[in-house]
Amino acid sequence: MNHISQRNLLEVQLKSFKDFVPFCPNDSLQPLLQEITKIHDRLEKIREFTIEQLVEEVHYHYETRQSKSNFRTI
């Protein structure tokens, strides 16, 4: 993955987070806004890159977590 593809993925993720804001519970709004800010800052940094920097390889990993709603308490 290069910076261009990372930028595209981040823009999609940012849009989905922004679309979710009206539905977000009040106690979860602050963490969501923090994530939106992180993504926005990263996108701004990528937009400042030159073409040579944009085609460089980006090392990343996905972290998959189990949703809390998947755990039932009896």
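Note that the structure is a prediction, hence the values are computed from the model and not measured.
- Every residue two or more places apart in sequence or in another chain that forms a side-chain hydrogen bond (donor to acceptor under 3.5 Å, both in side chains) with Asn2 is listed here: Ser5.
- When the side chains of ILVMFWY residues are joined at heavy-atom separations under 4.5 Å, either directly or via intervening members, Leu33 and Leu10 end up in a single hydrophobic cluster.
- Taking the salt bridge (Lys or Arg N to Asp or Glu O under 4.0 Å) definition, one finds that Lys45 meets it with nothing, sequence neighbours left out.
- Residues satisfying the side-chain hydrogen bond (donor to acceptor under 3.5 Å, both in side chains) test with Lys38, not counting sequence neighbours, are Glu35.
- Contacts of Thr37 classified as side chain to side chain contact (heavy atoms under 4.5 Å, CB included), with partners at least two apart in sequence or in another chain: Asp41.
- Screening residues 20-51 for ring-ring contact (aromatic ring centres under 6.0 Å, His included) gives His3-Phe49 as the qualifying pairs, with residues at least two apart or on separate chains.
- For Glu57, the side-chain hydrogen bond (donor to acceptor under 3.5 Å, both in side chains) criterion is met by no residue, not counting sequence neighbours.
- Scanning for salt bridge (Lys or Arg N to Asp or Glu O under 4.0 Å) contacts around Asp19 gives Lys15, with sequence neighbours left out.
- Nearest heavy-atom pair across Ile36 and Lys18 is CD1-N, 4.3 Å.
- With sequence neighbours left out, Pro25 forms a side chain to side chain contact (heavy atoms under 4.5 Å, CB included) with Asp27, Ser28.
- Scored by the salt bridge (Lys or Arg N to Asp or Glu O under 4.0 Å) test, Glu44 finds Arg47 as partners (sequence neighbours excluded).
- Applying the side-chain hydrogen bond (donor to acceptor under 3.5 Å, both in side chains) test to Gln13 and every residue at least two apart in sequence or in another chain returns nothing.
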